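Right, one structure below, let's go through it.
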Amino acid sequence: MIGAREGVLSGLRRLVAAAMARDLRGFVIPGADVARAHGLDLGQAGLHLATTPRHASVLLIVGPLPPGLVDAATIAYVQMPRPRAILALGADDPGPLPLPDATGPLTQAGLVSAMVDLRGIFAQSAFRTGVRDYDAPALETRTEYTCPMHPEVVQDEPGNCPKCGMTLIPRDTTATAAHAAHAMPKEEHPMPTADTPAQYTCPMHPEVVSDTPGNCPKCGMFLVAAEAEDDHTAHEHRPDHGKHAASDGTPAQYTCPMHPEVVQDGPGNCPKCGMFLVPAEAEDDHTAHEHGDGGHPDHASHGGGPATAGIEEHFMSMVEMTRDMPASPDGLKMEWIDVPVGPFFPGLPGGLSLRLTLDGDAVAEHSAESRVGRSTHLADAEMSPEAFVDHMAALSPFSPMAYRLLACLALERAAGHTVAPQTAIARAAAVERERVVSHLGWLAGFGAQSGFAWLERRAALLQLKLREATVGDIASLTPDITAMVQRMYRTPLLRARLEGIGRLTGDEALPGPVARASGHPSDVRSEDPVYAGLGFALLTGADGDALARLTQRTGEIAQSLDLIARAGAIATPVPHDVGGASGSGEAVVETPRGAAQLTLTLTGGKVAAAEIGTPTAEHLALIAAVADGQELGDALTAIGSLDISPWEMPA
């Protein structure tokens with residue numbers, strides 16, 4: 001084991017190793033949802049699911065490791081306590097990670113066999129001498145400097161915070177740390193030139209005006225060039241900050257806003273924290289009397305009265321720090337912070353990476369990217385129809401059957417072929433089975449995100465049983481699915497947790513179940529004669545919130561089960577023999593997440609070009625509508641209710 005713990009395997013350690021081999025906990029990459037989509041039952045194989053790397057002893061890699069997850073997987077591995085092991089299914093090369101301790105094919109049998117090997121490895125090699133540290137490019141550390149009061153201020157070199165003047169403190173960070181992308185360039189004090197305007201002002205205190213560059217005596221920010229004003233106006237609005245002296249002619253004293261015990265006769269920086277010193281209040285009776293009558297007129301006009309006059313120059317309040325920031329929905333102004341979520345966040349799709357900007361505890365801005373996204377290239381010249389259909393099926397682990405059917409339909413229309421009615425019905429039943437499986441997978445993720453552990457376990461188990469179930473198997477499982485859904489709706493606080501969250505008004509472009517939950521009759525199946533023959537009836541909701549989307553998906557589960565029973569057979573879509581045909585074909589299929597469209601060109605029986613549209617683009621556009629302005633927990637619930645597939649996003 002590369003990740004063994006250092007020590008001689010003897011005595012008590014041998015007993016500990018044997019106990020660990022019986023209780024292995026796995027952290028799954030890209031995620032548990034992807035493992036279930038491939039039919040992996042971790043519990044049946046004896047691998048308990050860990051939600052964080054710190055609680056895992058096994059890093060389970062499902063399929064080839066996507067390039068966008070390499071650094072994140074590396075960080076996850078080093079966070080795992082020793083002894084730790086890597087189990088790779090469906091791929092032998094995990095990139096910069098150590099070689100896997102155990103491997104196997106991407107099947108349940110492969111997982112079970114690899115787990116047997118892994119238990120033996122743990123029992124024999126959990127402790128060993130000569131353990132070496134693991135290193136990778138993503139773990140390379142560098143020193144950066146940040147402000148204790150403004151963590152968003154990050155520089156590569158030591159200096160002072162441009163916001164408050166405090167001495168920046170060093171910290172070590174990895175090459176892939178999220179805040180590295182937000183590092184601020186080092187700000188220098190502006191130097192006067194021949195073309196320098198005559199006046200400088202503070203961005204946060206416009207009443208502060210100076211003839212020379214420098215720092216604001218109130219907050220320490222660098223003064224910036226101000227528009228030239230006429231002499232009279234400049235004289236009226238320019239406080240005489242260059243003449244800080246008491247009325248008796250003695251030099252003015254300066255103090256630190258954070259350390260009032262620091263006092264000196266001239267300006268400078270605090271020797272304790274580095275903040276800019278500000279003029280101290282005069283303590284003689286005359287000055288005290290003046291401030292008791294209302295304080296300095298500048299202070300009164302700016303701060304609103306004597307209550308703030310005594311602290312404005314000594315304390316950079318939240319009011320000053322957030323002066324130019326927009327108000328939150330609750331009317332407060334807060335500093336904004338960035339919160340990265342993913343790509344291994346419980347309850348969200350594995351591989352989806354979010355960056356949420358919080359204004360207090362509410363989401364103000366967001367960005368989303370896929371770490372597992374598809375290539376924009378769909379077809380090579382001279383690709384055979386069979387290879388193209390397999391390529392389309394691999395587009396998403398959550399909807400392989402729908403994308404197989406999409407490819408088959410486009411190929412058949414390009415070649416001018418049709419299939420027998422019973423074949424078309426059996427194909428539709430295969431897609432409906434996949435719809436049930438996909439919605440059950442979403443329910444399992446919802447259970448994980450909401451803390452309903454029983455729902456996560458039950459939905460995941462039914463999802464695995466239905467993946468390759470026959471019509472008879474599905475009929476026998478239908479009562480279990482119905483009972484689970486009924487129990488879920490009896491769960492206390494379920495309605496309170498979801499009602500009103502992420503409500504969509506319908507003005508947006510809505511896909512699939514999200515559209516139907518908002519009352520929009522958007523479903524390709526309603527125009528398909530195959531579904532018309534099965535008695536398909538469009539289901540819609542009305543409220544458009546997270547609860548409505550839950551209700552829509554559970555309703556569609558029941559509907560799909562009924563359609564499968566009416567079809568009476570299930571058949572995996574396979575490409576029709578197109579011979580040497582040439583032409584163009586278009587097709588559209590209602591996947592579990594919405595309509596997907598495909599256009600392709602056949603040349604001499606080979607796929608020469610193809611272009612696809614997936615519902616994911618509409619899902620991403622909806623994040624702002626359901627998350628912005630919401631508290632963090634509600635925003636994550638709303639985003640999860642969209643059922644985004646990062647595999648269908650461009651890489």
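All residue numbers in this chain count up from 1 along the given sequence. It should be emphasised that the depicted structure is a prediction, and the values quoted were computed from it without experimental measurement.
- Every residue two or more places apart in sequence or in another chain that forms a side chain to side chain contact (heavy atoms under 4.5 Å, CB included) with Gln449 is listed here: Leu348, Leu636, Thr637.
- At least one cation-pi condition fails for Arg593 and Trp442: the charged atom is not both under 6.0 angstrom from the six-membered ring centre and inside a 45 degree cone around its axis.
- No hydrogens or angles considered: nothing links the side chains of Ser476 and Asp473 as a donor-acceptor pair under 3.5 Å.
- Ring geometry for His391 against Phe388 counts as tilted: the plane angle lies between 30° and 60°, on a 0 to 90° scale.
- Partners of Asp528 according to the side-chain hydrogen bond (donor to acceptor under 3.5 Å, both in side chains) rule, which considers only residues two or more places apart in sequence or in another chain, do not exist here.
- By the side chain to side chain contact (heavy atoms under 4.5 Å, CB included) test, Ala393 is found to be paired with Pro400, Arg404, residues two or more places apart in sequence or in another chain being considered.
- When all heavy atoms of Ser641 and Arg549 are compared, the closest pair comes out as OG-NE, 2.9 Å.
- Contacts of Pro83 classified as side chain to side chain contact (heavy atoms under 4.5 Å, CB included), with partners at least two apart in sequence or in another chain: Met1, Arg5, Met20, Phe122, Ala126.
- Counted by atom type alone, Thr616 and His619 present zero donor-acceptor pairs between their side chains at under 3.5 Å.
- For the salt bridge (Lys or Arg N to Asp or Glu O under 4.0 Å) condition, no pair includes a residue of residues 105-123, sequence neighbours left out.
- Under the salt bridge (charged side-chain N to carboxylate O under 4.0 Å, His left out) criterion, Asp23 pairs with Arg25, sequence neighbours left out.
- The shortest non-hydrogen separation linking Gly110 to Thr107 is N-OG1, 3.0 Å.
- In this structure Glu468 satisfies the salt bridge (charged side-chain N to carboxylate O under 4.0 Å, His left out) test with no other residue, sequence neighbours excluded.
- Residue Ser438 comes nearest to Pro592 through the heavy atom pair OG-CB, 3.5 Å, listed as atom of the first residue, atom of the second, then distance.
- The salt bridge (Lys or Arg N to Asp or Glu O under 4.0 Å) pairs that include a residue from residues 433-446 are Glu432-Arg435, where partners are two or more places apart or lie in different chains.
- A search for side chain to side chain contact (heavy atoms under 4.5 Å, CB included) contacts involving Ser384 returns Glu386, Ala387, Lys606, not counting sequence neighbours.
- Partner of Glu412 under the side chain to side chain contact (heavy atoms under 4.5 Å, CB included) criterion, chosen from Val419, Val578, Thr418: Val419.
- The salt bridge (Lys or Arg N to Asp or Glu O under 4.0 Å) contacts involving residues 557-575 comprise Asp562-Arg566, where partners must be two or more places apart or lie in separate chains.
- Aromatic rings from Phe344 and Phe27 are positioned such that their centres are separated by under 6.0 Å.
- No side-chain heavy atom of Leu59 sits under 4.5 Å from any side-chain heavy atom of Arg84.
- Here salt bridge (Lys or Arg N to Asp or Glu O under 4.0 Å) pairs that include residues 627-636, with residues two or more places apart or in two chains, number zero.
- Annotation: ring-ring contact (aromatic ring centres under 6.0 Å, His included) contacts of His576 (sequence neighbours excluded): His417.
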